[in-house]
Amino acid sequence: MPLLRRLSLALGLAVALVLVAVLGATALGGSGGHERSDRAGAADPRPGAAAERRPARPAAEPAPRSTPTATTAPTPPPPPTATATATPSPTPELVPGPALLSPGDDGAEVRELQARLAQIDWFDAGLTDHYGEITEAAVRGFQDKRAIPVTGEVDQRTMDRLLAMTTEPTDAELEGRTQQAGALDPRCLQGRVICVDKSTSTLRWVVDGEVLRTLDARFGAAGTPTREGVFEVYRMSRDHVSSLYDTAMPYAMFFSGGQAVHYSPDFAATGYAGASHGCVNTRDLAGVAALFDEVRLGDDVVVYWS
C-alpha cells in the first residue's frame, strides 16, 4: 500500500477517535449529572431540550408550623355555697307539775302507789302507808327511766304513766302478799299458830283454822338453816338488837333458841337476794308490827315444807 494512503487511514482513524471522545463528553454533560442537579431552571442550549425536560417535581412544602392554640385556663369551680343549716330548736326543759304525793305523806294512796311500783319491779319492800325514803327512791328511778323530771314526788305526768303501766292492785297486793301461799299444814289448823311455809316463802297467822294475815318470809342460808318442826313463842322483844350480829331485829318473836320471827330491813331493801342467820325474816313493817300485837307467849310456830 502506498504510504500516502496509510497516512490517510491513520489520520481518519485518529479523527474518528477524537469525535467519539468529544461526542461522549457532550453526551455526559447534557445528561445533567449530579453536579448540575442543584441548578434548577438553568436553560439547556440544546435544541429540543425544553421538550425533553420533565417538569420539575415541586419541592415538598415545609410542614406548616403548628400555631399554638391558645389554651383556655380551666375555670375554677365556684366556691361552695354555704348551705344555711337550720339550727335545731332547743328541746324545751320539762317542768314538773304540782305534787300529788310526796315524801312525808301517809295514807291508802301511798300504799297503792307502792303496790303499783311493785308490779313493775320498782318497789321491793314491805308495803306501808308512809311515803318514806324507799318510796322516794323508787319514784325517782321510775321517773329517770322514762325521761320524766326526777323529783321523787308524784306529779300528774308520773301518775298517768304509772297508771298506764299497771293494774288495780288486788287485796293481796295491798296487804303485801306477793308470794302465793300453799296448803296449810294440818298442824296449823287448830289453835293459834304462826304457820311458816318454806316452799312458798310465806308466813300466815292462823287462828282456829282461819288465816288472818299473810306475810312474805325469808329464811336462813345453807350454813344457818331455819329449823323445821313445831315450836312455841317463848320470848318477845319489840325493839330487839342481836347481841351476836349487832343487827336490829324489830318485833322479834323467839321460837327456837336464837331463831325468831322478826322484821328485817335487809329483806325490805334487797328482797330474796339475801338470807338470814336462821330467823324467819319479814319485810312488811306494818304487817309484822300488827302480828306482834296479836301474838301471845305460848302460841305455836310451825315451820314446814308444803
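- The 12-atom threshold is exceeded at CD of Glu168, counting heavy atoms of other residues, nucleotides or ligands nearer than 6.0 Å.
- To the nearest 0.5 Å, atoms CG (Leu174) and CG (Leu127) are separated by 7.0 Å.
- Checked by atom type and distance alone, the side chain of Thr226 never pairs as donor or acceptor with a backbone atom of Val280 at under 3.5 Å.
- A distance of 14.5 Å separates CG in Leu162 from CZ in Arg157, rounded to the nearest 0.5 Å.
- Summarising the local packing, CG of Asp246 is surrounded by 12 or fewer heavy atoms from other residues, nucleotides or ligands at distances under 6.0 Å.
- Across all non-hydrogen atoms, the minimal contact from Ala260 to Cys279 is O-CB, 3.1 Å.
- In summary, the side chains of Thr202 and Asp197 do not present any donor paired with an acceptor at a separation below 3.5 Å, with no hydrogens or angles considered.
- By the 4.5 Å heavy-atom criterion applied to side chains, Val211 and Trp205 are not counted as neighbours.
- In this structure, CD in Glu109 is found 11.0 Å from CG in Asp129, a value given to the nearest 0.5 Å.
- A donor-acceptor pair shorter than 3.5 Å can be found between the side chains of Ser256 and Arg227.
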Side-chain atoms of residues 100-107: list all donor-acceptor pairs with protein atoms under 3.5 Å, sequence neighbours left out, distances to 0.1 Å.
{"from": "Asp105", "atom 1": "OD2", "to": "Ser102", "atom 2": "N", "distance (Å)": "2.8"}
{"from": "Asp106", "atom 1": "OD1", "to": "His130", "atom 2": "ND1", "distance (Å)": "2.7"}

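- With respect to Leu215, the side chain to side chain contact (heavy atoms under 4.5 Å, CB included) criterion is satisfied by exactly one of Leu291, Asn281, Val196, Val261: Leu291.
- No side-chain heavy atom of Arg235 sits under 4.5 Å from any side-chain heavy atom of Phe255.
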- Item | Test side-chain contact (heavy atoms from CB on, under 4.5 Å) applied to Tyr304 and Arg187, step by step | CA-CA 10 Å; Tyr304 69 103; Arg187 295 169 292 182; 3.8 Å; yes
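- Here the side chain of Tyr131 pairs no donor or acceptor atom with the backbone of Arg111 at under 3.5 angstrom.
- Side-chain N or O atoms of Arg116 include one that pairs as donor or acceptor with a backbone N or O of Thr167 at under 3.5 Å.
- Residues Gln259 and Phe254 have side chains not in contact (no heavy-atom distance under 4.5 Å, counting atoms from C-beta outward).
- A salt bridge does not link Asp155 with Arg161: every distance from a Lys NZ or Arg NE/NH1/NH2 to an Asp or Glu carboxylate oxygen is 4.0 Å or more.
- You'll find the side chain of Val295 reaches within 4.5 Å of the side chain of Ile194, heavy atoms only.
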- Begin with the C-alpha distance, continue with both residues' side-chain angles, and end with the deciding distance and a verdict on side-chain contact (heavy atoms from CB on, under 4.5 Å) for Ser201 and Phe219. CA-CA 8 Å; Ser201 298; Phe219 312 109; 4.2 Å; yes
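- With hydrogens and angles ignored, the 3.5 Å screen pairs a side-chain donor or acceptor of Asp299 with a backbone N or O of Arg296.
- Side-chain contact check for Pro98 versus Glu153: every heavy-atom pair is 4.5 Å or farther apart.
- The side-chain heavy atoms of Thr247 and Val241, taken from C-beta on, include no pair separated by under 4.5 Å.
- Ion pairing of Arg218 with Asp266 is present here, as a side-chain N (NZ or NE/NH1/NH2) and a carboxylate O approach within less than 4.0 Å.
- Between Asp216 atom CG and Tyr272 atom OH the span is 4.0 Å, to the nearest 0.5 Å.
- Distance CD/Glu228 to CH2/Trp305: 6.5 Å, rounded to 0.5 Å.
- With a 4.5 Å cut-off on side-chain heavy atoms, Met165 and Gln119 do not count as touching.
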- Working for side-chain contact (heavy atoms from CB on, under 4.5 Å), residues Arg213 and Glu294: CA-CA 11 Å; Arg213 190 176 301 280; Glu294 295 168 5; 3.1 Å; yes
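- In this structure the side chain of Phe123 reaches within 4.5 angstrom of the side chain of Gln114, judged on heavy atoms.
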- Message: Would Thr166 and Ile120 count as a side-chain contact (heavy atoms from CB on, under 4.5 Å) here? Give the steps.
- Response: CA-CA 7 Å; Thr166 58; Ile120 52 177; 4.0 Å; yes
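- Atom CG of residue Asp185 and atom OG of residue Ser306 lie 9.0 Å apart, to the nearest 0.5 angstrom.
- Salt bridge Arg283/Asp124: present, at least one basic N to carboxylate O contact under 4.0 Å.
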